[in-house]
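See structure below.
Quick caveat: nothing in here was measured; it's all calculated off a predicted structure. Reminder, nothing fancy here: chain letters follow the sequence lines and each chain counts from 1.
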Amino acid sequence: MTDKKVRVRFAPSPTGGLHLGGVRTVLFNYLFAKKHNGDFILRIEDTDQTRYVEGAEQYILDCLAWCGLKADESPEVGGPYAPYRQSERKAAYRQYAEQLVMQGHAYYAFDTAEELDAKRKEIPNFQYGLAYRESLRNSIALPQHEVDALLDAHTPHVIRIKMPADETVSFNDLIRGHVSFETNQVDDKVLLKADGMPTYHLAVVVDDFLMKITHAFRGEEWLPSAPVHLLLWEYLGWKTDMPQWAHLPLILKPDGHGKLSKRDGARLGFPVYAMSWYDAKTDELTPGFRELGFLPEAFINLLATLGWNDGTEQEIFTLDELIEKFSLERVSKAGAKFDFEKAKWFSAEWIKRSSVSSLKLAVSTILADKGIVVNDDAKLETVINLIKDRCVVLPDFYQQAGYFFDQPKEYDLNAVKPKWTDAKTDFFKEFAILLNVETTIEAHDLEAKFKALAETKGLKVGDVMLPLRVMLVGGKFGPHVFDIVALLGKAETISRMEKAVEQFIAPPAP
RNA sequence: GGCCCGUUCGUCUAGGGGUUAGGACAGGAGAUUUUCAUUCUUCAAACAGGGGUUCGAUUCCCCUACGGGCUACCA
């Protein structure tokens, strides 16, 4: 295996939104592949026709594109092992299942869903396996002629793996080390469903073999079915080609118990999906990190550090750095509770560290969504530079930058009105006059003049500084007041001052 | 219930037979910012419990507890 080219795959089911944990699995696959100059394959596991959702596959493709995790082979770009959709590979699976039946490692089972439900109710710890298979309707329990008759009559049936008795199946997990299972404890999983589609168990083994996968990363929830997969690799005669397994720790709910789910996002007020997902059946829109205003770099960064670190105190990583530094040995074994506060910190860090030019498109889109069309490119750049340190997510740019382009619609009157005096009205009238004769506005210079004027009027600087801010911005926030004045220009500043003063001196509303 | 996996501050984690058990987020206090945020300084905060092994264990082993996963003709 040492000289084989590294090939990994992510194999999602197109059933809905793409979960945080899913993206992290993609990421670890991708990082490992790129680190070893290997290939990253996207395979769509659409074997469950009842759960198939229109548009979900394209959505997954879009998510990967947004994250910058492009697949080398996929249904979209194709590749030497096409097709990459399991539904289109349906015909291939049956022969392997039949081969297993012939070898005695699998068998036909004719039990109906109702019969099995009844068994499960009747027998407390019912498992379709060693203990009960002899008493059920399958090709092990039934005489050959009956099985043939059933088959000839096209009786609906599945093919199940026949778990061997009294064996120990063990393997070396790249993350967890030695893991072992007793075959007596594992049930006879369905390999081929009545509709002819393979289950995950068969499909994953067949396709990983056919697609020459060398390393298989998946969530820890798959660990209990690993012995089935191991045995399949052996029975199919492919054991020497089996990929190395790595079961990734789960991402857990921040509060209570269990793995993070879509519902937790709604309950706790944060996204769980990479991008918003609209479910046409329920007419429900589940928000995503992209729409909340996370930079993809931030999203990738936070996912990478959920269960992995490079051993140093570095926390901010670019994708290239992650590729360079990633190693499976440094992936932790335990599940991690998702912390949205930390996620927001990553977002803020990435916005702060991003260049103005790289932020421009996203910011102008945010502003445009709010009806602000920016045509002064230089002004936009100055604005972004002035405020990016105070934005946590992209939409914050509207709150922090909107007033540079539009007059405030309302003022934080509580901050100024109670302490408003005629002297202040007078001060701002004079300041407007002073401002009006300026030819160029320079922030420092103007601030000095503003302070000097306040002094001659017998006003404390602080008593007029805050009102000026509220006049221009609408509230108690934003960068230095005179930087704002400089950017707004004198006409706009005077206009805003005059307009605001009217409200400051107006009698309180009844 | 059965099987499997796991367990260091509230959270994400570093570390590892002898350490003041380190960092980050969140929280507290302060400085800077005549706003808010940033930034800086600073405080508080952890080795689940019990047995071994050992001169010495948080680190290695075992047990218990707790947490999580799986237990579908879903992935």
**OP:** Report which part of the nucleic acid Asn125(A) touches: base, sugar-phosphate, or nothing (heavy-atom distance under 4.0 Å, all strands).
**Re:** base
**OP:** Hey, which sits more toward the 5' end of RNA chain B by its nearest nucleotide, Glu447(A) or Gln185(A)?
**Re:** Gln185(A)
Subject >> First encountered from the 5' end of RNA chain B, between Glu220(A) and Gly475(A) >> reply: Glu220(A)
Subject >> Whole-Å distance separating the CZ atom of Arg469(A) from the C1' atom of U35(B) >> reply: 4 Å
Original post:
Can you tell me how far C1' of C36(B) sits from CG of Asp396(A), to the nearest Å?
Top reply: 13 Å
Original post:
So which of residues 382-393 of chain A are in contact with RNA chain B, with a heavy-atom cut-off of under 4.0 Å?
Top reply: Asp389(A), Arg390(A)
Original post:
Are any of the side-chain nitrogens in Asp173(A) or Lys333(A) under 4.0 Å away from the carboxylate oxygens of its partner?
Top reply: no
Original post:
With a 4.0 Å cut-off, would you call Lys189(A) and Asp187(A) a salt bridge?
Top reply: yes
Subject >> Nucleotide of A14(B), G68(B), U11(B) approaching Lys337(A) most closely (side-chain heavy atoms) >> reply: U11(B)
Original post:
Can the ring centroids of Phe217(A) and Phe28(A) be said to lie less than 6.0 angstrom from one another?
Top reply: no
Original post:
Can you find a donor-acceptor N/O pair under 3.5 angstrom joining the side chain of Lys342(A) to the base of A24(B)?
Top reply: yes
Protein-nucleotides 71-75 of chain B N/O pairs closer than 3.5 Å?
unit_1 : atom_1 : unit_2    : atom_2 : d
C73(B) : OP2    : Arg160(A) : NH2    : 3.2
C73(B) : O2     : Ala194(A) : N      : 2.8
C73(B) : N4     : Asp111(A) : O      : 3.0
C74(B) : OP2    : Lys193(A) : NZ     : 3.0
C74(B) : O2'    : Asp48(A)  : OD2    : 3.1
C74(B) : O2'    : Arg51(A)  : NE     : 3.1
C74(B) : O2'    : Arg51(A)  : NH2    : 3.2
A75(B) : OP1    : Thr47(A)  : OG1    : 2.8
A75(B) : OP1    : Lys193(A) : NZ     : 2.8
A75(B) : OP2    : Tyr200(A) : N      : 3.3
A75(B) : O3'    : Ser13(A)  : OG     : 3.0
A75(B) : O3'    : Glu45(A)  : OE1    : 3.2
A75(B) : O2'    : Ser13(A)  : OG     : 2.9

**OP:** May I ask you to evaluate whether Ser332(A) reaches the phosphate of U13(B), defined as a side-chain N or O under 4.0 Å from OP1 or OP2?
**Re:** yes
